[in-house]
Amino acid sequence: METITKTSHGRTLRTEEMVINMGPQHPSTHGVLRLELVVDGEIVIDVIPHIGYLHRCFEKHSEQMTNYQQVIPYVDRMDYVASMNSELSFAIAAEKLLKIQIPERVDYIRVIMCELQRIASHLIAIGTYGIDIGAFTPFLFCFRDRERILDLFEMTCGARLLYNYIWIGGLSHDLPQQFIPTLKEFIVDFRKNIKELNDLLSFNHIFIKRTANIGVLPADVAINYGCSGPMLRGSGVKWDLRKDEPYSVYNKFDFEVCVGKGEVGTLGDCWDRYIVRVDEMEQSLRIIEQAIQTLPEGNVQSAVPKRIRPNPGEAYARAESPRGELGFYIMSDGTGTPYRIKARSPAFVNLSIISEISRGCMIADLCAITGSVDIVLGEVDR
Amino acid sequence: MTFQEITENLKQKFGTAIVEVKETVQPDPYIIVDPNSLKEISKYLRDEEILTFDFLNCLSGLDLKGKLAVVYHISSMKHKHSFVLRVEVPTDAPTVPSIESIWKSANWHEREAFDMYGIIFSDHPDLRRILMPYDWEGHPLRKDYQVPEFYNGMKVTY
């Protein structure tokens with residue numbers, strides 16, 4: 001593509017396409033993602049993503065394990081800002097293969113933990129998205145609140161980031177005594193903080209200018225590309241696995257599926273994807289409140305199998321992680337070692353749409369688009 | 001629709017292209033289809049009103065020692081049912097038609113299966129390695145894969 005324009009002095013000006021690299025060490029790529037940009041001046045003509053810088057052979061490692069339980073620490077390291085959700089997905093896939101029933105208390109605690117983790121993950125997404133756009137303060141506010149969630153996790157299992165907490169058939173620890181009172185305090189405080197966040201960032205005029213009408217993703221394209229999570233709901237598709245294909249005990253709780261409505265711009269733009277995350281935090285709080293009210297008694301390790309040796313067979317199970325549909329395909333040949341484990345990571349699939357939605361935008365808008373996809377490179381590359 | 005109903009529907013429409021029905025595999029039964037009719041079957045699964053499989057969840061390569069396989073997990077948002085397809089090809093001639101034109105999400109998944117298993121997806125628009133470096137030799141997830149001692153002349157220590 002070659003365009004010829006005239007300068008204000010009447011001289012002709014010729015512009016050429018240029019190929020530049022954004023990343024792998026670029027702050028707005030949230031890790032080690034390299035985007036090869038073909039640009040015409042400031043306008044992006046094409047984006048070619050290059051991934052794999054964080055590839056740690058998760059699938060190959062899993063095939064070398066002597067026990068299914070040993071896979072869980074690896075799963076933690078896939079999506080390192082939402083480890084609880086990764087563990088849950090893997091655990092329900094393995095439990096489906098093993099056909100074990102787990103005590104109700106385990107399910108309730110899992111839901112509480114996963115919803116807390118969802119809030120923590122969304123706080124990172126929102127905070128760093130602010131930084132991408134140029135707002136530094138919301139990031140500090142978000143990390144202040146996330147810290148309290150991590151404290152709750154530390155109180156329960158000793159770890160703050162990579163937990164190995166949800167085991168196949170149970171949990172590594174029961175809730176400590178101080179957990180529920182501390183959690184209740186957190187919920188009361190956090191409700192106020194969401195309002196504060198909305199005033200500070202969501203309805204900030206500059207923020208809306210930067211994100212509304214940018215990176216518009218129509219619903220049918222999103223479905224065809226396999227997008228899920230806030231990415232899909234931002235385009236107005238009411239689809240949430242917690243509601244539409246309830247796993248664990250999600251069918252017992254009352255909550256709403258948040259979707260983008262095109263409030264400040266076009267339906268499916270960056271702002272819609274952002275606001276879905278903000279709204280989901282409120283819904284997570286609702287789920288947690290209901291779960292702690294009806295938390296049953298029981299032993300959290302009574303169903304943990306002594307020896308995990310599934311019959312030959314295969315299972316695919318999926319769960320809603322903060323980024324979308326996280327699925328595990330496990331194939332067993334009857335031994336204690338998994339024959340094949342494949343992780344369907346939502347960030348990997350969501351990222352594949354980036355060249356489709358960023359053609360024709362400005363380079364600065366590309367930062368807004370990558371931020372709104374909310375990728376975690378540990379999960380993209382596995 | 002249940003697994004049996006979908007299988008019955010496909011059998012009536014495609015007949016011999018459905019190679020085998022693995023009904024006894026637990027907990028997720030699947031069907032094996034002929035690679036040559038894969039595209040046709042996929043298109044039918046997506047477009048037929050009562051099936052409407054609009055979402056490709058997962059596409060995985062598989063090494064079955066002697067043959068390679070590709071597993072397709074598909075589901076429908078409209079009817080809330082899911083289904084599993086599989087194609088099997090010999091390891092020395094692993095060519096499978098690409099379904100990128102039917103479900104766009106297959107693009108990166110197929111590149112990954114090519115990268116890890118060396119399965120060639122014919123008429124894929126951009127079949128390059130995706131997770132491993134572009135100059136990597138071999139396909140790491142194959143069961144007979146030997147971990148290389150050198151990478152670009154550098155000794156790799158473990």
Side-chain angles (χ1 to χ4, degrees), chain A residues 48-60 63 93 95-99 220-228 232 237-239 244-245 310-318 325 327-333 339-345 348-353 355-356 380-382, chain B residues 22 24-30 46 52-65 69 71-78 80-84 86 100-113 115-117 126 128-134 136 140-143 145 147:
Chain A
I48 305 153
H50 296 267
I51 60 172
Y53 291 91
L54 213 57
H55 180 51
R56 288 147 302 167
C57 330
F58 157 70
E59 287 160 16
K60 188 80 179 166
E63 291 174 16
E95 282 155 10
K96 186 177 174 189
L97 196 61
L98 285 160
K99 297 193 191 79
D220 55 329
V221 180
I223 293 171
N224 200 245
Y225 269 87
C227 291
S228 49
L232 181 65
V237 182
K238 215 171 181 140
W239 179 260
D244 291 293
E245 209 188 272
N311 293 328
E314 45 192 79
Y316 177 80
R318 50 187 186 158
E325 176 187 328
F328 280 96
Y329 168 58
I330 307 179
M331 184 179 174
S332 159
D333 57 352
Y339 187 81
R340 167 86 168 114
I341 292 185
K342 155 100 184 178
R344 186 261 192 220
S345 71
F348 177 81
V349 182
N350 288 353
L351 182 62
S352 67
I353 205 163
S355 41
E356 184 76 24
V380 173
D381 296 342
R382 280 155 288 147
Chain B
K22 295 269 192 184
T24 52
V25 174
Q26 287 300 322
D28 287 345
Y30 59 88
R46 187 195 65 179
T52 327
F53 283 101
D54 48 8
F55 203 82
L56 174 74
N57 298 88
C58 187
L59 186 156
S60 342
L62 205 56
D63 185 354
L64 298 167
K65 291 174 186 159
V71 186
Y72 304 85
H73 288 88
I74 51 177
S75 65
S76 165
M77 282 184 171
K78 192 175 169 196
K80 295 187 183 173
H81 53 215
S82 50
F83 196 60
V84 190
R86 182 190 274 198
E100 193 264 355
S101 56
I102 295 155
W103 293 292
K104 287 275 182 212
S105 50
N107 190 325
W108 279 23
H109 281 301
E110 282 177 354
R111 278 177 67 186
E112 192 187 331
D115 194 356
M116 294 298 160
Y117 290 95
D126 182 25
R128 287 178 292 138
R129 284 187 183 273
I130 187 163
L131 293 176
M132 304 300 285
Y134 293 122
W136 194 263
L141 275 182
R142 283 199 183 178
K143 292 283 176 189
Y145 178 71
V147 180

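Residue numbers start from 1 in every chain, and the chains themselves are labelled A, B, ... in the order their sequence lines are given, proteins ahead of strands.
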inquiry  = Apply side chain to side chain contact (heavy atoms under 4.5 Å, CB included) to residues Val84(B) and Tyr329(A) and explain how you reach the verdict.
reply    = CA-CA 11 Å; Val84(B) 190; Tyr329(A) 168 58; 6.0 Å; no
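- In this structure, CZ on Arg344(A) lies 12.0 Å from CZ on Phe328(A), to the nearest 0.5 angstrom.
- Not counting sequence neighbours, the partners of Glu245(A) by the side chain to side chain donor-acceptor pair (under 3.5 Å) test are Arg318(A).
- Interface residue Asn57(B): backbone and side-chain heavy atoms are both found under 4.5 Å from chain A.
- Ranked by heavy-atom pairs under 4.5 Å with chain B, the list Cys227(A), Gly313(A), Ser352(A), Ala315(A) is led by Ser352(A).
- Interface residue Leu64(B): backbone and side-chain heavy atoms are both found under 4.5 Å from chain A.
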ask   = Passes side chain to side chain contact (heavy atoms under 4.5 Å, CB included), Tyr145(B) versus Asp63(B)? Steps please.
value = CA-CA 11 Å; Tyr145(B) 178 71; Asp63(B) 185 354; over 6 Å; no
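- In this structure, chain A has no heavy atom under 4.5 Å from any part of Lys22(B).
- For chain A, the nearby part of Arg128(B) is the side chain; its heavy atoms alone come within less than 4.5 Å.
- Here Phe55(B) is the residue among Tyr30(B), Tyr134(B), Phe55(B), Trp103(B) with the most heavy-atom pairs under 4.5 Å with chain A.
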Residue pair Glu112(B), Leu131(B): steps toward the side chain to side chain contact (heavy atoms under 4.5 Å, CB included) verdict = CA-CA 7 Å; Glu112(B) 192 187 331; Leu131(B) 293 176; 4.0 Å; yes
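- Only the side chain of Glu63(A) comes within less than 4.5 Å of a heavy atom of chain B; its backbone N, CA, C and O stay farther away.
- Met331(A) is not listed as a side-chain neighbour of Lys342(A), based on a closest heavy-atom distance of 4.5 Å or more.
- The pair Asp54(B)-Lys78(B) fails the salt-bridge criterion, with no side-chain N (NZ, NE, NH1 or NH2) lying under 4.0 Å from an Asp/Glu carboxylate O.
- Contacts of Ile330(A) with chain B are absent, with no heavy-atom separation under 4.5 Å from either backbone or side chain.
- Side chains of Lys60(A) and Met116(B) form no contact here, defined as non-hydrogen atoms less than 4.5 Å apart.
- With sequence neighbours excluded, the residues that form a side chain to side chain donor-acceptor pair (under 3.5 Å) with Lys96(A) are Asp28(B).
- In this structure, no portion of Leu54(A) lies under 4.5 Å from any heavy atom of chain B.
- Residue contact with chain B, scored on non-hydrogen atoms closer than 4.5 Å, involves the backbone and the side chain of Tyr316(A) alike.
- Ranked by heavy-atom pairs shorter than 4.5 Å toward chain B, the options Pro49(A), Gly226(A), Cys57(A), Gly327(A) are led by Gly226(A).
- Contact annotation for Leu232(A): only side-chain heavy atoms (C-beta onward) come within less than 4.5 Å of a heavy atom of chain B.
- Only the backbone of Leu56(B) comes within less than 4.5 Å of a heavy atom of chain A; no side-chain atom from C-beta onward does.
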